[in-house]
Number of protein chains: 2
Amino acid sequence: MERSTRQRQAIREVMTELNRPLSPIEVLEAARAKVPGLGIATVYRTLKSLVEEGSAVAVELPGEAPRYELAGKKHHHHFHCTRCGKVFELEGCPGDFSFMVPKGFKTEKHEIVLYGRCTDCLH
Amino acid sequence: MERSTRQRQAIREVMTELNRPLSPIEVLEAARAKVPGLGIATVYRTLKSLVEEGSAVAVELPGEAPRYELAGKKHHHHFHCTRCGKVFELEGCPGDFSFMVPKGFKTEKHEIVLYGRCTDCLH
DNA sequence: TTCATAATGATAACTCGTTATCATATTGTC
DNA sequence: GACAATATGATAACGAGTTATCATTATGAA
C-alpha cells in the first residue's frame, strides 16, 4: 500500500504551486526548499507513480526531456521561454488544422509550442 | 577539400526523393538500396556536414530524436503518423497565435505538429 | 511502542542516440 | 598509374536522462 511521506507531499505541493510543466530537476530544486536532502531518485519515482495513478502527465517538447504537470486540465498548449527555459501553460487554441492536412490523412490530435520571452525575461 | 563519394551522393538523393524529414536510420535504410554496406557512421557524418553547410536542417518533434530534411523550404509544419511513425511535411499555417499568449510575453516563433494516420495507414 | 514493510538517498548501472577512433579503401591531383 | 589526403565502416566510447540496487530510515497498523 502506498504511504504518505513528506517527500511525496512536497513534490505534489510544488507541482500545484508552480502550476507549469516542470522537469525532474526543477521539481527537485523546488521541493528541496520544503524537504532538504530530497534525492533525485525519489523525484523520479514519485513522478512515475503520479503518472501511473493518473494525477500527472508528461509534457514533451521538441528536443527536450519530458516535463511533468498535474493532470485534469482542459486542452491547452505551451510557451517555452528561450531565455530562462521555463515552460508555461497557455489558454486558447486555433482548433481547426484540417486545412493543413493532405487528402487521405486523418488528424487525431495536435500540439502547438510557442517560443519567445516570458515576462521576467524581457529585461 | 570535400570529396564527392557514392555514399554522400546516395544520402543526398534519398533526402531529395523521399522529401520528408528522415531519421538517421531511415536515411541509412533507404540509402543502402543505392550503396550496399553503407555504415551508420557515414550517415551521421554526412547529415552533420549537410547541416553545417546549410543544405539540411534538423527537425525536432516532441519526444523524438532529430530527423533531417533539406533546407530552403518555406515556413511549414509536420504531420506524424501514429501508426508507421513517418513524418510528412504540411503546407499552410494558422499564422497568428498572439491571442494565446499572456500579457508581457513576446512570441518569436512557433511549432505545430499534427498526429494521426497517413494515407497508407488508414488500412 | 512495536514491528513488518514501504520509502528514501546515494550512486552504480543502464539505454539510446551520437561521436570518436583507427585500420583500410577511395578519391582526385599530378 | 602513383601518391597524399580524405572518406569509410566497424565498433568502442561517450553523455544525458533515467532506472536499479541496497543499506538505512520512516510509516502506520496493531
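In what follows, chains carry the letters A, B, and so on, assigned in the order in which the sequence lines appear, proteins first and then strands, with residues in each chain numbered from 1. For the numbers below, each heavy atom of this structure counts, side chains included, while hydrogens, waters and symmetry mates do not.
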Quiz item: Considering heavy-atom distances to DNA chain C, does A:Glu2 or B:Pro24 have its closest nucleotide positioned more toward the 5' end?
Solution: A:Glu2
Quiz prompt | From A:Glu111 atom CD to B:Ile112 atom CD1, the distance as rounded to the nearest 0.5 Å | solution = 11.0 Å
Quiz prompt | Proximity to DNA chain D (any heavy atom under 4.0 Å), residues of residues 37-65 of chain A only | solution = A:Ala41, A:Tyr44, A:Arg45, A:Ala65
Quiz item: How far does the helix from C:dT1-D:dA30 to C:dC30-D:dG1 bend, going by the axes of its first and last five pairs, to the nearest 10°?
Solution: 30°
Practice problem: Mind listing the closest non-hydrogen atom pair of B:Pro66 and B:Pro24 along with its distance? | Solution: O-CD, 3.7 Å
Quiz item: Considering residues at least two apart in sequence or located in another chain, which fulfil the side chain to side chain donor-acceptor pair (under 3.5 Å) criterion with A:Arg20?
Solution: A:Glu26
Just list the side-chain donor-acceptor pairs under 3.5 Å for residues 28-37 of chain B, sequence neighbours left out, or say none.
{"unit_1": "B:Arg32", "atom_1": "NE", "unit_2": "B:Leu38", "atom_2": "O", "d": "2.8"}
{"unit_1": "B:Arg32", "atom_1": "NH2", "unit_2": "B:Leu38", "atom_2": "O", "d": "2.8"}
{"unit_1": "B:Lys34", "atom_1": "NZ", "unit_2": "B:Glu13", "atom_2": "OE1", "d": "3.0"}
{"unit_1": "B:Lys34", "atom_1": "NZ", "unit_2": "B:Glu17", "atom_2": "OE1", "d": "3.3"}
{"unit_1": "B:Lys34", "atom_1": "NZ", "unit_2": "B:Glu17", "atom_2": "OE2", "d": "3.2"}

Practice problem: With sequence neighbours left out, write down each residue that passes side chain to side chain donor-acceptor pair (under 3.5 Å) with A:Ser55, or none if nothing qualifies. | Solution: A:Glu53
Quiz prompt | Exercise: identify the closest heavy-atom pair between B:His77 and B:Gly92 | solution = CD2-O, 4.1 Å
Identify all side-chain donor-acceptor contacts of residues 80-87 of chain B below 3.5 Å with residues at least two apart in sequence or on another chain.
{"unit_1": "B:His80", "atom_1": "NE2", "unit_2": "B:Gly85", "atom_2": "O", "d": "3.2"}
{"unit_1": "B:Thr82", "atom_1": "OG1", "unit_2": "A:Glu108", "atom_2": "OE1", "d": "3.3"}
{"unit_1": "B:Thr82", "atom_1": "OG1", "unit_2": "B:Gly116", "atom_2": "O", "d": "3.2"}

Quiz prompt | DNA chain D contacts made by residues 4-16 of chain B, counting heavy atoms under 4.0 Å | solution = B:Thr5, B:Gln7, B:Arg8
Self-check item: For atom CD of A:Glu26 and atom P of D:dT18, their distance in whole Å
Solution: 12 Å
Side-chain donor-acceptor pairs of residues 39-48 of chain A under 3.5 Å, sequence neighbours excluded:
{"unit_1": "A:Thr42", "atom_1": "OG1", "unit_2": "A:Arg45", "atom_2": "NH2", "d": "3.3"}
{"unit_1": "A:Thr46", "atom_1": "OG1", "unit_2": "A:Thr42", "atom_2": "O", "d": "2.7"}

Quiz item: Of all nucleotides in DNA chain C with an atom under 4.0 Å from a non-hydrogen atom of chain B, which is the first and which the last going 5' to 3'?
Solution: C:dG17 to C:dG28
Quiz item: Can you tell me how far SG of A:Cys93 sits from CD of A:Glu91, rounded to the nearest 0.5 angstrom?
Solution: 12.0 Å
Quiz item: Which pairs pass salt bridge (Lys or Arg N to Asp or Glu O under 4.0 Å) with one or both residues in residues 61-76 of chain A, sequence neighbours excluded?
Solution: A:Glu64-A:Arg67, A:Lys73-A:Glu89
Quiz item: For B:Phe97, what residues pass the ring-ring contact (aromatic ring centres under 6.0 Å, His included) criterion, not counting sequence neighbours?
Solution: B:His110
Quiz item: Do you know which two heavy atoms are closest between A:Pro94 and B:Met100, and how far apart they sit?
Solution: CD-SD, 3.9 Å
Self-check item: Residue list, ring-ring contact (aromatic ring centres under 6.0 Å, His included) with A:Phe79, at least two apart or on another chain
Solution: B:Phe105
